[in-house]
Each structure stands twice: as structure tokens, then as C-alpha cells.
Amino acid sequence: MPEGHTIHRLARDLRRDLAGEPVEASSPQGRFADGAARLHGAALESADAWGKHLFCQWSSGDILHVHLGLIGKFRRVAPAREPRDTIRLLLAGPDSTWQLTGPQTCALITPTERDDITAELGPDPLRRGTRRRSEFIRRVGATRRPIGAVLLDQRVIAGIGNVYRAELLWICGIHPETPASDIDPVLVGELWDLTGTQLRQGVDWNRIVTVSADDVDRRVTRTIKRDDALYAYKRAGLPCRRCHDLVLDMSLAGRTIAYCPTCQAA
DNA sequence: TACATATGATCAT
DNA sequence: TGATCCTATGTAA
């Protein structure tokens, strides 16, 4: 489930689980054998996320760069669990074991290479820094591409994926095909703030739940059914949670987005 | 058992 | 825009 919230949560969990102690590293799949050998015996010094990119600093001087892509997973497993041949990287610390499968990227890089990667990324609402909000507003205002495409462009804002895209536009009542520069900068600013709020909640719960307290009982939200967690994503054909008209699907930037034709009028 | 699908991104056309 | 890569899961057969 890798959108920005997943990676930030992952960085936090890896830090808490593995920081400071030497790890045993291996690549049961074999495709990261050299990298795992370099990490073997090293200690994790820091882990942080920028959008959907994860960077782990090791005492060996190496930086581990991971991008989960669409299907990648990096999860804590029971220590005794038998390594399977799909595991790109296995990290075993004194108290926990982590395994990485199906990543789009898993590589050891230099600080320069990390800087090259982050230089291509837009501001991430979950990172500290000044002028990120105004930078987002500027980048959105600089293009007439549809906002639904712009939100997936990691050079404009880092961390939004297909689920948050649909949810944010539904909450803001913006039609996905609206030319980005036509949107009132005040609303774009609110979109930034909302993205931060939603992503932070995603980190907290380690899942995407966008429905507000008005629509769901917060006390039971941690056991909320998947069908009740979202307003728009994958709800095409169902009644809009706001106006009860039917939610529609459209294709934008090569992906499917659901939207309400009434609440998100063109 | 097989197939469709997926919260991503890149490269070719 | 379409093909492609990577793996796991849910549904259909």
C-alpha cells in the first residue's frame, strides 16, 4: 500500500526497530547479494522518507535507497519465518526481522546520488522545511495540465498516489480535469494543508482512511471496514457519500480515478 | 488452478 | 498511450 504515508511510517518503524545495532543482512532472492553483503554487520543510523522514496543511512557509509513501486512490501516478520526466494533483502536485528519484496528500486547509493534523486522531487507535506506550501502553489499554478494528473506528478508534490488523489479531489470538490492553473491559489493552499492532514493520519494508522469524524465513529475507526474508509476511490457506480448521485470513473494520467459529477462539477 | 488486479514509474512508440 | 517490470491477493473457473 505504498503512498507517501506508508514510506514515512516505514522509516519510523525501521528506525525504532533497527537503529544502533548491527544487523544480519542477506538477499535470499539473490538480486541484492552484493548490497546485502556490504550492509552485513552495519548499524542503521537513520531512516527517512521523501515522498515515496526511503533512504536509510548505515554505519558503513552506505545509503540504502528503496522505492516500493506498485507492489513492493517492506515488513516486519516473525524471526523464525522461513526466507523465501522472493525476498530481495532480509534484515535481522537483535529484536526484529524485516523483509523487502518486490521493490521497484533497492540500491546502495552515495549522498550525491541521493541529492540527485531528491532534487527531482517536489515538496513533501510530511517533511520539515520552509516555503514548501508556497512552492506547491507555485508549481500547480504553472501548468494547465489537469489537476488530477498534476497531483500524481512527484515533481509537483511528493507522496500522493492514486488513492489520495481521488480522495483529496473529492473532499475539495474539484473536478479531476480542471486545468491546474485555473484553481484559486487559496484553494490550492487548502489542498496542500489537507494533504498534510490526511498523510499524517495515514502514518498514524498505517492505512488510508479519509472519511471524517462526521461520517464514521472514530472510536471504531481502527476496525473500520475497507468499504467505509474512503469517499471516492473505487466507489464508481455507488452513491456519492455527500449527494447520493452515482460516482463515475474516468482515466487520467493512465490511471483510473473515481469522482462525483455533481460535487466535483467541471 | 488460473486469471485479473493493484496504492508506481519508466521506457518505447 | 501502451508495454513492461516486480509480487501478492482476491475472485472466478
Side-chain angles (χ1 to χ4, degrees), chain A residues 1-11 27-33 35 49-55 65-77 81-90 98-107 109 113 116-122 124-126 145-146 148-171 176-177 194-195 198-211 224-237 249-259:
Chain A
M1 310 146 192
E3 295 194 24
H5 69 297
T6 303
I7 314 306
H8 282 269
R9 174 60 177 259
L10 184 52
S27 179
Q29 180 198 50
R31 289 179 53 180
F32 192 57
W50 188 318
K52 301 168 190 171
H53 295 258
L54 174 70
F55 301 101
H65 174 219
V66 172
H67 191 298
L68 294 178
L70 184 61
I71 60 172
K73 301 218 181 333
F74 202 165
R75 49 195 166 187
R76 186 193 292 113
V77 296
R81 186 155 164 182
E82 186 103 356
R84 291 182 304 156
D85 59 10
T86 57
I87 300 171
R88 186 76 56 89
L89 174 62
L90 189 65
W98 286 76
Q99 66 180 32
L100 172 66
T101 60
Q104 181 168 109
T105 302
C106 172
I109 61 173
E113 290 170 322
D116 290 344
I117 292 163
T118 58
E120 294 296 313
L121 295 172
D124 175 344
L126 295 186
R145 292 156 64 216
V150 170
L151 291 185
L152 286 186
D153 186 341
Q154 304 297 303
R155 296 168 298 187
V156 173
I157 180 170
I160 295 179
N162 205 27
V163 177
Y164 279 120
R165 165 176 82 155
E167 298 300 296
L168 295 166
L169 291 178
W170 185 92
I171 294 169
E177 287 180 304
L194 176 67
T195 304
Q198 290 291 343
L199 284 173
R200 266 186 291 278
Q201 177 161 291
V203 172
D204 278 350
W205 295 356
N206 210 5
R207 67 175 291 200
I208 303 175
V209 178
T210 54
V211 290
I224 191 172
K225 284 177 289 196
R226 182 172 48 188
D227 289 351
D228 296 329
L230 305 174
Y231 286 120
Y233 180 76
K234 278 205 168 167
R235 296 200 77 245
D249 257 352
M250 71 181 297
S251 180
L252 197 48
R255 325 275 309 270
T256 302
I257 180 170
Y259 68 102

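Every chain is numbered from 1 and lettered A, B, ... according to where its sequence line falls, protein lines coming before strand lines. No hydrogens, no waters, no symmetry mates; every other heavy atom, side chains included, goes into these values.
Below 30°, between 30° and 60°, or above 60°: for A/Y231 and A/W170 the angle between ring planes is below 30°, a parallel geometry. Between A/H65 and A/H53, the angle of the ring planes stays under 30°, which puts this pair in the parallel group of the 30/60° scheme.
B/dT10 atom P lies 10 Å from atom CG of A/L121, rounded to whole Å. Residue A/D153 contributes atom CG, which lies 10 Å from atom P of B/dA9 at whole-angstrom precision. Between the CG atom of A/L199 and the C1' atom of B/dT7 there is a distance of 12 Å, given to the nearest Å. Going from atom NZ of A/K234 over to atom P of B/dT5 covers 9 Å, rounded to whole Å. Distance CD (A/E3) to C1' (B/dG8): 10 Å, rounded to an integer number of Å. Protein atom CG of A/L252 is 14 Å distant from nucleotide atom P of B/dG8, rounded to whole Å. In this structure, A/L152 places its CG atom 14 Å from P of C/dT1, rounding to the nearest Å. Counting to the nearest Å, the P atom of B/dT7 and the NE2 atom of A/H5 are 13 Å from each other.
Under the 4.5 Å side-chain criterion, counting only non-hydrogen atoms from C-beta, A/L100 is not in contact with A/F32. You'll find the side chain of A/Q198 stays beyond 4.5 Å of the side chain of A/E167, heavy atoms only. Looking at heavy atoms from C-beta onward, A/Y164 lies out of side-chain contact with A/T195 at the 4.5 angstrom threshold. A heavy-atom distance below 4.5 Å is not found between the side chains of A/R84 and A/T101.
Applying the 4.0 Å criterion to OP1 and OP2 of B/dA9, one finds that A/H67 has a side-chain N or O inside that range. In this model, the phosphate group of B/dA9 is not approached by any side-chain N or O of A/R255 to a distance below 4.0 Å at OP1 or OP2.
Taking the P atoms as reference points, C/dA13 lies 12 Å from B/dT5, given to the whole Å. Straight-line distance between the P atoms of B/dT7 and C/dT11: roughly 16 Å, to the nearest whole Å. Across the P atoms, B/dT13 and C/dC5 are found 14 Å apart, a figure rounded to whole Å.
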Next item on the list: Could you please spell out the steps behind the side-chain contact (heavy atoms from CB on, under 4.5 Å) verdict for A/L68 and A/K73?
Entry: CA-CA 6 Å; A/L68 294 178; A/K73 301 218 181 333; 5.7 Å; no
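Every side chain to side chain contact (heavy atoms under 4.5 Å, CB included) that A/D153 has, sequence neighbours left out, goes to A/R145, A/R155, A/V156.
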Contacts under 3.5 Å, N or O only, protein and nucleotides 5-8 of chain C:
| from | atom 1 | to | atom 2 | distance (Å) |
| --- | --- | --- | --- | --- |
| C/dC6 | OP1 | A/R31 | NH1 | 3.4 |
| C/dT7 | OP1 | A/Q29 | NE2 | 2.6 |
| C/dA8 | OP1 | A/R84 | NH2 | 3.2 |
| C/dA8 | OP1 | A/T86 | OG1 | 3.4 |

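Base pairing in DNA chain B gives the following stems of 3 or more Watson-Crick or G-U pairs, range against range and under 3.5 Å: B:1-6 with C:7-12, B:8-12 with C:1-5.
Counting any heavy atom pair closer than 4.0 Å across all strands shown, A/Y164 reaches no nucleic acid atom.
Atom OG1 of A/T118 is separated from atom CG of A/D124 by 11.5 Å, given to the nearest 0.5 angstrom.
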